[in-house]
K.L.:
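Structure provided below as structure tokens; questions to follow.
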Amino acid sequence: MQKNYFNITFILVALICTSCQKGYVVPNERTALNTDSTSKGLLKKQVVKNIADNFESTIAEYMYDSSGRLSQLSYIGKRKNADGSISEEQQTRKYFRDVLGRLIRIGELTDSVYLLVDYDSRSSSVKSVSDNLDRFTTTFEYDTDGHIKRLNFFMRTPSAVDPKRQVGYHDHVFDAKGNLIEKIFYQDDDLDGIFNSPIRFRFEYDDKINPRYPVDDALFPETWSLSSPNSNIRQFNFYTDPSVIQDTVNYSYTYDDNKKPVRSITNGETETVYFYY
């Protein structure tokens with residue numbers, strides 16, 4: 001199996017997906033009210049640069065409602081082409097909520113495709129997320145502590161008119177602080193009903209604040225690598241294919257007096273700078 005493990009599984013869970021490839025960081029799209037906001041408050045903007053050429057690859061800006069819940073994310077992504085030209089992509093995503101503050105719809109301002117969120121009537125936990133064209137659905141399972149222990153992915157396949165069938169799932173393990181410490185992929189690429197695991201991730205954390213830590217389960221699939229209350233300092237990628245070398249992603253941070261990061265470095269290659277309200 002090749003190292004390109006970002007396949008149909010990620011298509012199911014977000015309009016914009018999070019990459020965990022080494023040396024590049026895309027804007028995290030999950031954030032919510034931080035209870036410890038006595039100083040700089042909520043995350044306002046983050047700027048990602050490639051250290052080698054000081055090229056600004058991503059700018060993400062966050063907006064919130066009066067309760068401090070994420071209401072809008074806008075970002076500009078830039079890429080250097082082989083001919084030296086610059087390609088730029090701009091997107092704005094809106095987050096719509098019900099009277100209880102729960103996410104019920106997530107979508108781009110300029111796109112007719114959006115995500116719909118369904119909740120369990122008894123627990124108010126997210127039950128499923130689907131696109132409005134009824135092409136795919138992600139369902140949620142929880143452990144006794146209320147953490148998402150499994151995501152199940154269903155889509156219409158092999159053609160768009162076929163019934164939905166399960167094509168994969170992700171298992172999660174959390175520590176006592178609620179940090180995601182292990183995520184295991186399972187997928188059925190040949191649709192034979194047998195699920196295999198191409199990759200497993202392990203995560204380590206410090207005791208500082210992750211400014212993008214969410215309270216909205218519906219956003220969990222989009223930013224699984226940054227889904228914990230503390231800052232992720234190391235990610236281990238374990239591949240099932242013996243021909244693929246296992247690798248590690250290292251993050252180092254500079255913090256303010258309130259334990260919130262103001263700068264992070266990924267593998268010595270990428271710098272992210274954080275700004276707060």
K.L.:
Compute the centroid of each ring, for Phe153 and then for Phe136, and state whether the two points are separated by less than 6.0 Å.
P.N.:
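Phe153 vs Phe136: aromatic centres not under 6.0 Å.
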K.L.:
Measure the OG-CG distance between Ser130 and Asp118 for me, rounded to the nearest 0.5 Å.
P.N.:
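It is 7.5 Å, given to the nearest 0.5 Å.
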K.L.:
Shortest non-hydrogen contact from Gly178 to Pro229?
P.N.:
O-CD, 3.5 Å
K.L.:
Is it the case that the side chain of Asp241 and the backbone of Ser243 share a donor-acceptor pair, with hydrogens and angles ignored and the cut-off at 3.5 Å?
P.N.:
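Side chain of Asp241 to backbone of Ser243: a pair is present.
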K.L.:
Aromatic rings Phe174 and His147: how do their planes relate, parallel, tilted or perpendicular, breaks at 30° and 60°?
P.N.:
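Rings of Phe174 and His147: parallel, as their planes differ by under 30°.
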K.L.:
For Ile209 versus Ser231, what's the shortest heavy-atom pair and its separation?
P.N.:
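Closest heavy-atom pair between Ile209 and Ser231: O-OG, 3.3 Å.
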K.L.:
Is a side-chain N or O of Asp162 found less than 3.5 angstrom from the main chain of Ser159, in a donor-acceptor match?
P.N.:
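Yes, because the side chain of Asp162 sits within donor-acceptor range (under 3.5 Å) of the backbone of Ser159.
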K.L.:
Do Phe203 and Phe236 make the cut of ring centroids closer than 6.0 angstrom?
P.N.:
no
K.L.:
Check whether any side-chain heavy atom of Ile199 sits under 4.5 Å from a side-chain heavy atom of Thr240, and report yes or no.
P.N.:
no
K.L.:
Between Leu151 and Phe220, is any pair of side-chain heavy atoms under 4.5 Å apart?
P.N.:
yes
K.L.:
Is it the case that Tyr95 and Asp65 place a side-chain donor and acceptor less than 3.5 Å from each other?
P.N.:
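Checked: Tyr95/Asp65 side chains show no N/O donor-acceptor pair below 3.5 Å.
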K.L.:
Got Thr157 and Val167 here, is their nearest side-chain heavy-atom distance under 4.5 Å?
P.N.:
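Yes - at least one pair of side-chain heavy atoms lies under 4.5 Å apart.
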K.L.:
Would you sort out whether Asp120 and Tyr142 count as a side chain to side chain donor-acceptor pair (under 3.5 Å), showing the intermediate values?
P.N.:
CA-CA 12 Å; Asp120 182 274; Tyr142 297 84; over 6 Å; no
K.L.:
Mark yes or no for whether Tyr205, through its side chain, and Ile181, through its backbone, hold a donor-acceptor pair below 3.5 Å.
P.N.:
no
K.L.:
As a quick check of understanding, evaluate side-chain contact (heavy atoms from CB on, under 4.5 Å) for Val126 and Val117, giving each step before the final call.
P.N.:
CA-CA 7 Å; Val126 172; Val117 185; 4.0 Å; yes
K.L.:
Taking all heavy atoms of Ala218 and all of Phe140, pick out the closest pair and write down the distance.
P.N.:
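The pair with the smallest heavy-atom distance is CA-CZ, 4.3 Å.
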K.L.:
Answer yes or no: is there an ion pair linking Lys80 with Asp53, defined by an N-O contact shorter than 4.0 Å?
P.N.:
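Salt bridge present between Lys80 and Asp53.
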K.L.:
Give, for atom CG of Asn50 and atom CD of Glu271, the distance between the pair rounded to the nearest 0.5 Å.
P.N.:
10.5 Å
K.L.:
Any chance the side chains of Asn152 and Gln166 put a donor and an acceptor closer than 3.5 Å?
P.N.:
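Short answer, yes.
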K.L.:
Are Met63 and Tyr276 joined in one hydrophobic group, where the rule is that I, L, V, M, F, W and Y side chains link up if heavy atoms are under 4.5 Å apart?
P.N.:
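Both belong to a single hydrophobic cluster.
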K.L.:
Determine whether a donor-acceptor pair (N or O, by modelled atom type, separation under 3.5 Å) exists between the side chain of Ser57 and the backbone of Val48.
P.N.:
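Confirmed, Ser57 side chain pairs with Val48 backbone.
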K.L.:
Is the charged tip of Lys45 near the ring of Phe275: under 6.0 Å from the six-membered ring centre and within 45° of its axis?
P.N.:
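Yes, a cation-pi geometry.
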K.L.:
Between Asp256 and Lys260 (salt bridge meaning N to carboxylate O under 4.0 Å), is one present in this structure?
P.N.:
no
K.L.:
Is it true that Arg150 and Asp171 have a side-chain N and a carboxylate O under 4.0 angstrom from each other?
P.N.:
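A salt bridge is present here (some side-chain N lies under 4.0 Å from a carboxylate O).
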K.L.:
Do Asp98 and Tyr119 have side-chain N/O donor and acceptor atoms under 3.5 Å apart?
P.N.:
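Per modelled atom types, Asp98 and Tyr119 side chains form no pair under 3.5 Å.
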K.L.:
Once rounded to the nearest 0.5 Å, what's the spacing between atom CG of Leu180 and atom CD1 of Ile148?
P.N.:
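Between Leu180 CG and Ile148 CD1, I get 10.0 Å after rounding to 0.5 Å.
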K.L.:
Please tell me if the side chains of Pro261 and Pro211 come closer than 4.5 Å, counting only heavy atoms from C-beta onward.
P.N.:
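Yes, at least one pair of side-chain atoms sits under 4.5 Å.
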K.L.:
How close do Ile106 and Tyr114 get, heavy atom to heavy atom, and via which atoms?
P.N.:
O-CB, 3.2 Å
K.L.:
So does Lys177 pair up with Asp207, basic N to acidic O under 4.0 Å?
P.N.:
no
K.L.:
Side-chain donor-acceptor pair under 3.5 Å between Thr137 and Lys164, yes or no?
P.N.:
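Yes, a side-chain donor-acceptor pair sits under 3.5 Å.
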K.L.:
What distance do Ser124 atom OG and Arg102 atom CZ have between them, rounded to the nearest 0.5 Å?
P.N.:
4.5 Å
K.L.:
Is Leu43 close to Arg212 at the side-chain level, that is, under 4.5 Å between some pair of heavy atoms?
P.N.:
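Heavy-atom side-chain distance check passes, below 4.5 Å.
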K.L.:
Salt-bridged, Arg156 to Asp134, with N to O below 4.0 Å?
P.N.:
yes
K.L.:
Would you give the length of the straight line joining atom CD1 of Ile86 to atom CZ of Arg79, rounded to the nearest 0.5 angstrom?
P.N.:
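That separation rounds to 10.5 Å.
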K.L.:
Is any NZ, NE, NH1 or NH2 atom of the basic residue among Arg200 and Glu182 found under 4.0 Å from an Asp or Glu carboxylate oxygen of the other?
P.N.:
yes
K.L.:
Verify side-chain contact (heavy atoms from CB on, under 4.5 Å) between Ile233 and Lys208, making sure each step is shown before the conclusion.
P.N.:
CA-CA 10 Å; Ile233 59 174; Lys208 306 300 191 299; over 6 Å; no
K.L.:
Between Gln246 and Tyr239, is any pair of side-chain heavy atoms under 4.5 Å apart?
P.N.:
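Touching, per the 4.5 Å side-chain cut-off.
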K.L.:
Quick one: does Arg97's side chain have a donor or acceptor within less than 3.5 Å of a partner on Leu70's backbone?
P.N.:
yes
K.L.:
In terms of hydrophobic clustering (I, L, V, M, F, W, Y; side-chain heavy atoms under 4.5 Å; direct or indirect links), are Ile265 and Tyr274 co-clustered?
P.N.:
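Different clusters.
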K.L.:
Could you tell me whether a side-chain N or O of Asn232 sits under 3.5 Å from a main-chain N or O of Arg234, the two making a donor and an acceptor?
P.N.:
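Confirmed, Asn232 side chain pairs with Arg234 backbone.
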K.L.:
Of the non-hydrogen atoms in Val249 and Thr266, which two are nearest, and what is the gap between them?
P.N.:
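Closest pair (atom of Val249, atom of Thr266, distance): CG1-CG2, 3.7 Å.
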K.L.:
In terms of hydrophobic clustering (I, L, V, M, F, W, Y; side-chain heavy atoms under 4.5 Å; direct or indirect links), are Met155 and Leu191 co-clustered?
P.N.:
yes
K.L.:
Would you check if there is a donor-acceptor pair between the side chains of Asp189 and Gln187 at a distance under 3.5 Å?
P.N.:
yes
K.L.:
Is there a side-chain contact between Ile76 and Glu61 (heavy atoms, below 4.5 Å)?
P.N.:
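No - every pair of side-chain heavy atoms lies 4.5 Å or more apart.
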K.L.:
Step by step, work out the side-chain contact (heavy atoms from CB on, under 4.5 Å) result for Tyr255 and Val262.
P.N.:
CA-CA 5 Å; Tyr255 294 98; Val262 294; over 6 Å; no
K.L.:
Roughly how far, to the nearest 0.5 Å, is the CZ atom of Arg93 from the OH atom of Tyr62?
P.N.:
11.5 Å
K.L.:
Establish, from distance only, whether the side-chain atoms of His172 and Lys183 form a donor-acceptor pair under 3.5 Å.
P.N.:
yes
K.L.:
Would you check if Val273 and Lys49 make a side-chain contact, meaning some heavy-atom pair closer than 4.5 Å?
P.N.:
no
K.L.:
Assess, by modelled atom type and distance only, whether the side chains of Asn210 and Asn230 contain a donor and an acceptor separated by less than 3.5 Å.
P.N.:
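No - no donor-acceptor pair under 3.5 Å links their side chains.
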K.L.:
Tell me if a side-chain donor or acceptor on Ser197 pairs with a main-chain N or O of Phe185 at a distance below 3.5 Å.
P.N.:
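Flag set: sc Ser197 to bb Phe185 pair under 3.5 Å.
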K.L.:
For a side-chain contact (heavy atoms from CB on, under 4.5 Å) check, start with the C-alpha distance between Lys127 and Thr139, then their side-chain angles and the critical distance, and finish with the verdict.
P.N.:
CA-CA 6 Å; Lys127 183 168 58 176; Thr139 64; over 6 Å; no
K.L.:
What closest approach, in Å, do Ala60 and Tyr75 show between heavy atoms, and which atom pair accounts for it?
P.N.:
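The pair with the smallest heavy-atom distance is CA-CB, 3.8 Å.
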